[in-house]
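Working notes, structure below.
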Amino acid sequence: DGAKEEINLAKRLDPRSFGVAVASTFLAANQGNQQAAAKIFGKLLEQSPREGVAPLIDQLRIYLAKNPARTKPTGQKNLSH
């Protein structure tokens, strides 16, 4: 598993790397482990991209509050609560 080895190397270099989390999410999903992919992605959304910046989930909520969707796709939950 070359991808997994590369992800592990990147994780050792920077354990809080957004790229590592995104790649890990895609790898888990590609391997059919949707639960692990969702958990990794959820943790990513709770992280701040850098010091002094709001976590991604907060940034998404702010964006959605300023730019409400014109229509809500069927089956989608509203993130701005």
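The chain is numbered in sequence order, starting from 1.
Apart from V20 itself, the hydrophobic cluster it occupies contains I7, L27, where clustering links Ile, Leu, Val, Met, Phe, Trp and Tyr at side-chain heavy-atom distances under 4.5 Å.
Considering every non-hydrogen atom in both A37 and A29, the closest pair reads CB-N, 3.8 Å.
More than 12 heavy atoms of other residues, nucleotides or ligands sit less than 6.0 Å from atom CD of Q34.
With sequence neighbours left out, Q47 forms a side-chain contact (heavy atoms from CB on, under 4.5 Å) with R16, F18, L44. Checked against side-chain contact (heavy atoms from CB on, under 4.5 Å), A38 has no partners two or more places apart in sequence or in another chain. Applying the side-chain contact (heavy atoms from CB on, under 4.5 Å) rule to L45 yields the partners F41, L56, I57, L60; only residues at least two apart in sequence or on another chain are considered.
Pairs of residues two or more places apart, or lying in two chains, that qualify as side-chain hydrogen bond (donor to acceptor under 3.5 Å, both in side chains) and include a residue from residues 17-31 are D1-Q31. Within the structure, every pair that satisfies the salt bridge (Lys or Arg N to Asp or Glu O under 4.0 Å) test and touches residues 33-58, not counting sequence neighbours, is listed here: D58-R61.
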